[in-house]
Number of protein chains: 2
Amino acid sequence: MKKSVDRAADAIRAWILGGKYRPGDFLPGERELTGLLGVSRITVRGALARLRAEGLVRPEQGAGTRVLDFRESSGVDLLAVLAAQRMAGGPFPLDLLSDLLELRRLVAVELVGLVGERATTSDLSELRALVGQMRGVTGDPSAFMTADLRFARRLVRASRNLALELLANAIVRALEGQPGLHLAFGANAARTVIVYEHLLSLLERGRVEKARAMTRRLLERLDRSTLALVAALSGATPREPSIAGTPTAKEA
Amino acid sequence: MKKSVDRAADAIRAWILGGKYRPGDFLPGERELTGLLGVSRITVRGALARLRAEGLVRPEQGAGTRVLDFRESSGVDLLAVLAAQRMAGGPFPLDLLSDLLELRRLVAVELVGLVGERATTSDLSELRALVGQMRGVTGDPSAFMTADLRFARRLVRASRNLALELLANAIVRALEGQPGLHLAFGANAARTVIVYEHLLSLLERGRVEKARAMTRRLLERLDRSTLALVAALSGATPREPSIAGTPTAKEA
DNA sequence: AACTTCGAGTGGTATTACCACTAACCTGGT
DNA sequence: ACCAGGTTAGTGGTAATACCACTCGAAGTT
């Protein structure tokens with residue numbers, strides 16, 4: 001059961017993202033919002049505090065709470081919020097998912113480069129172990145996705161860069177909320193494991209540039225297939241919820 | 001004048017980052033914090049709401065407010081907070097700045113690649129105009145830094161990727177709070193302009209791979225010099241606050 | 001017409017009270 | 001001695017009310 005402040009924040013956020021209040025506008029006063037949302041001012045302020053942290057609004061004492069343009073004022077952490085928000089209603093965020101996968105791809109390519117320069121032997125052996133765990137759950141899409149994300153997190157740690165680690169957190173948070181994504185992960189599970197092992201052996205032999213190129217090629221193809229699959233799912237689900245796994249989706 | 005909730009949040013955040021409360025611990029109860037901080041519970045809750053949004057704590061109803069490990073629970077947006085926090089007191093965040101510049105470098109390289117594929121002629125001409133503006137303020141370090149950041153923002157827009165745009169926002173926020181950074185920008189102003197123009201002409205001729213390689217080389221050198229300069233500044237400032245601009249810092 | 005003043009309305013903080021929930025303690029049984 | 005089960009103190013979440021600091025525009029003054 002979501003708490004009142006969550007629902008209040010979701011409601012106001014929906015108004016903003018839906019265009020009811022545009023950047024530059026002022027939101028209704030907090031006292032007025034209590035009436036519109038049916039909660040106390042305490043709760044309204046809690047909700048506004050979240051929107052403020054997300055970079056969607058900025059309260060101005062004496063004037064009101066101004067709506068901002070999140071393209072200018074928000075950080076990456078907003079992506080997870082946007083993904084979750086659009087899921088409940090509205091059209092499926094295919095464009096957002098595309099941008100998100102692209103960001104992950106670009107970062108991953110450079111990440112592999114860094115890891116190739118800095119990874120210790122213990123880093124690499126731990127990564128080997130994680131790939132081994134992945135091989136054991138190639139049949140369970142959901143379990144495979146979490147195992148894959150664990151591998152990714154460990155890979156990031158090997159880069160010894162706090163900023164990259166935090167960025168990875170934000171990307172993972174935004175991705176793991178996407179419905180149907182685990183299916184895409186599962187569909188390529190077997191091949192993913194093979195590629196990871198190849199990648200590790202390249203890194204162990206110091207073939208950094210080759211590892212980077214391979215990562216780019218692999219992820220470009222993988223992301224394309226993921227997008228096609230999710231698109232097929234989101235297109236089919238509203239009409240035939242029970243038989244979502246149609247051949248169309250599989251071969252995409 | 002900072003508001004009470006800001007000071008309260010800063011105080012609690014300092015306790016956490018300072019190790020007084022470790023991940024897994026519970027913070028003192030909200031009622032107890034009112035006494036420790038000298039503010040009302042409303043304000044305490046406001047501060048805790050911020051720390052929650054930053055991924056530093058997670059309130060658990062009935063139990064308490066638990067401290068988290070921000071390496072696991074926070075997103076990139078925390079970088080700006082960390083930079084600002086460590087500035088007031090503590091040692092200068094050189095390691096953090098290093099990670100931050102590295103992240104910017106990696107992203108910038110891939111960004112240039114994307115822009116090379118997608119930029120329209122109007123994108124490029126607008127970028128040309130911005131470089132022209134930068135040329136006009138090579139003498140004013142602070143103005144040059146903001147002009148440079150405007151160029152960067154426009155470059156990101158040319159990638160047509162919302163996630164990248166938000167990431168750029170987060171990086172810029174974290175960077176623009178760093179003291180002494182504008183000096184580093186100013187020191188390389190003239191050369192930066194030339195490089196940007198060269199970069200644009202490469203993009204106009206579709207030499208994407210070459211543009212990417214150049215970006216990487218340039219930023220590696222630039223970041224190294226920036227780090228050296230900031231290190232020199234932070235080393236000298238505590239002892240001779242009045243004559244911070246010593247020759248040692250300039251030639252670094 | 002330009003300027004000053006003032007008041008209605010805004011977000012920020014304080015106080016008090018109660019609710020929903022958790023965990024540990026105590027109690028009673030086996 | 002042990003262990004289920006209910007009691008209880010303490011936690012974060014929500015509510016209602018009041019006041020403060022601040023902004024902005026309208027009314028009044030020059």
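So that the names make sense, note that chain A is the first sequence line, chain B the second, and so on, each numbered from 1. Quick note: numbers below take in every heavy atom, side chains included, and nothing from hydrogens, waters or symmetry partners.
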Query raised in the report: Is a side-chain donor-acceptor pair under 3.5 Å present for N169(A) with R71(B)?
Result: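 Result is no, nothing qualifies.
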Query raised in the report: Is it true that R105(A) and E110(B) make a salt bridge, defined as a side-chain N closer than 4.0 Å to a carboxylate O?
Result: no
Query raised in the report: So, D223(A) and R104(A), do they make that salt bridge, N to O below 4.0 Å?
Result: yes
Report summary line: Between R52(B) and K3(B), whichever has its closest DNA chain D nucleotide further toward 5' is R52(B)
Report task. Please list residues of residues 58-69 of chain A whose heavy atoms come under 4.0 Å from any atom in DNA chain C, ordered by number; otherwise none. Result -> P59(A), E60(A), Q61(A), G62(A), A63(A), G64(A), T65(A)
Query raised in the report: Just wondering, do F151(B) and L127(B) contact through their side chains at under 4.5 Å, heavy atoms?
Result: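 Yes, side chains in contact.
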Take atom [atom1] of [X] and atom [atom2] of [N], then tell me their distance rounded to the nearest Å.
| X | N | atom1 | atom2 | result |
| --- | --- | --- | --- | --- |
| R45(B) | dT16(C) | CZ | P | 18 Å |
| K2(B) | dT13(C) | NZ | P | 13 Å |
| E32(A) | dG9(C) | CD | C1' | 11 Å |
| R41(A) | dG9(C) | CZ | P | 14 Å |

Query raised in the report: Taking the six-membered ring for Trp, are Y21(B) and W15(B) parallel (under 30°), tilted (30 to 60°) or perpendicular (over 60°)?
Result: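 Correct class here is tilted.
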Requested in this report: Shoot me the first and last contacting nucleotide of DNA chain D against chain B, ordered 5' to 3', at under 4.0 angstrom to non-hydrogen atoms.
Outcome: dG10(D) to dT14(D)
Requested in this report: Let me know, please, whether I42(A) or L27(A) comes out on the 5' side of the other along DNA chain C by nearest nucleotide.
Outcome: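 The residue mapped nearer the 5' terminus is L27(A).
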Query raised in the report: Quick check: does any side chain N or O of R160(B) sit under 3.5 Å from a backbone N or O of A158(B), one acting as donor and the other as acceptor?
Result: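 Side chain of R160(B) to backbone of A158(B), a donor-acceptor pair under 3.5 Å: yes, one is there.
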Report task. Locate the shortest heavy-atom distance separating A168(B) from V156(B); write the atom from each residue and the value. Result ->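 Looks like CB-CG2, 3.8 Å.
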Query - side chain to side chain contact (heavy atoms under 4.5 Å, CB included) partners for A80(A), two or more places apart - result: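 If we apply the side chain to side chain contact (heavy atoms under 4.5 Å, CB included) test to A80(A), skipping adjacent residues, the hits are R173(A), A174(A).
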